Amino acid sequence: MKGRNPNAKEKKHMDKVSQLGCIVCRLQGFFDVPAEIHHIEGKTKVDTHFKILPLCFEHHRMGSDMEPISRHPYKARFIEAYGTEYELLEIVNSLVKKD
């Protein structure tokens, strides 16, 4: 995927976010579920590496339209079930403070 590489500050933030575990699982009461990084606005825009969600494989890209609903390719169902990516981002940012 095209995009620019994160700088040191962005890498630090991305590491903190991934350590939260999957935000959807966390909101369902399952903590410490390993997460991969989902970029809300792709990887090319300014501050793109700060607009990220920690999602487990199942919630990120497994490709299921039933629970657990995958963000890719079921964005509309994902939003209906769990909230918008920006709503989830607000929760993530409240849990992880930027330096």
Side-chain angles (χ1 to χ4, degrees):
M1 175 176 265
K2 293 181 182 179
R4 69 172 179 76
N5 292 326
N7 63 33
K9 186 175 180 181
E10 292 166 331
K11 283 181 185 179
K12 184 177 178 182
H13 176 73
M14 291 170 74
D15 183 53
K16 287 180 184 179
V17 168
S18 68
Q19 288 179 28
L20 289 174
C22 178
I23 191 62
V24 175
C25 290
R26 183 183 189 101
L27 293 173
Q28 294 175 333
F30 302 102
F31 295 85
D32 300 320
V33 176
E36 45 194 44
I37 295 297
H38 168 69
H39 288 79
I40 292 175
E41 298 181 352
K43 296 181 182 179
T44 59
K45 294 183 179 181
V46 175
D47 288 337
T48 194
H49 297 300
F50 290 110
K51 296 175 184 172
I52 57 173
L53 299 175
L55 296 173
C56 64
F57 171 74
E58 289 82 4
H59 284 120
H60 189 200
R61 56 190 174 94
M62 182 175 69
S64 178
D65 66 342
M66 298 187 332
E67 188 65 41
I69 300 166
S70 178
R71 165 54 185 84
H72 298 289
Y74 299 102
K75 182 177 181 178
R77 290 201 28 87
F78 181 92
I79 289 169
E80 181 182 317
Y82 311 124
T84 70
E85 293 172 303
Y86 291 98
E87 290 168 340
L88 294 172
L89 180 62
E90 285 183 37
I91 297 167
V92 168
N93 286 340
S94 73
L95 296 169
V96 175
K97 296 182 177 23
K98 290 188 205 175
D99 291 330

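Keep in mind that this is a model prediction, so the values were computed, not measured.
- Residues Y82 and L88 come closest through the heavy atom pair O-CD2, 3.7 Å.
- A distance of 6.0 Å or more separates the ring centres of F78 and Y74.
- Between atom CG of residue N93 and atom CD1 of residue I52 there is a gap of 8.5 Å, rounded to the nearest 0.5 Å.
- Between the side chain of N7 and the main chain of E10, a donor-acceptor pair closer than 3.5 Å is present.
- Listed here is the closest heavy atom pair of L53 and V92: CD2-CG2, 4.0 Å.
- Below 30°, between 30° and 60°, or above 60°: for F50 and H13 the angle between ring planes is between 30° and 60°, a tilted geometry.
- Residues F57 and L55 do not share a hydrophobic cluster, defined by chaining ILVMFWY side chains whose heavy atoms lie under 4.5 Å apart.
- For the pair T48 (side chain) and G42 (backbone), a donor-acceptor distance under 3.5 Å is present.
- Here the closest heavy-atom approach between residue P6 and residue K11 is recorded as O-CE, 3.4 Å.
- A side chain to side chain donor-acceptor pair (under 3.5 Å) with R61 is found for exactly one of H72, H38, E36, namely E36.
- Shown here for H60 and S70, the closest heavy-atom pair between the two residues is O-OG, 3.3 Å.
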Would you give me the side-chain donor-acceptor pairs under 3.5 Å for residues 18-33, sequence neighbours excluded?
unit_1 : atom_1 : unit_2 : atom_2 : d
S18    : OG     : M14    : O      : 3.4
S18    : OG     : D15    : O      : 2.9
Q19    : NE2    : D15    : OD1    : 3.3
Q19    : NE2    : D15    : OD2    : 2.7
R26    : NH1    : L20    : O      : 3.2
Q28    : NE2    : E67    : OE2    : 3.3

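- Taking NZ from K9 and NZ from K12, the interatomic distance works out to 9.5 Å, rounded to the nearest 0.5 Å.
- Remark: K51 does not engage E85 in a salt bridge, criterion side-chain N to carboxylate O under 4.0 Å.
- Between H49 and H39, the side chains place a donor N or O and an acceptor N or O closer than 3.5 Å (distance only, hydrogens not considered).
- To the nearest 0.5 angstrom, E58 atom CD is 9.5 Å from S64 atom OG.
- In terms of heavy-atom proximity, I69 sits nearest to H59 at O-CD2, 3.4 Å.
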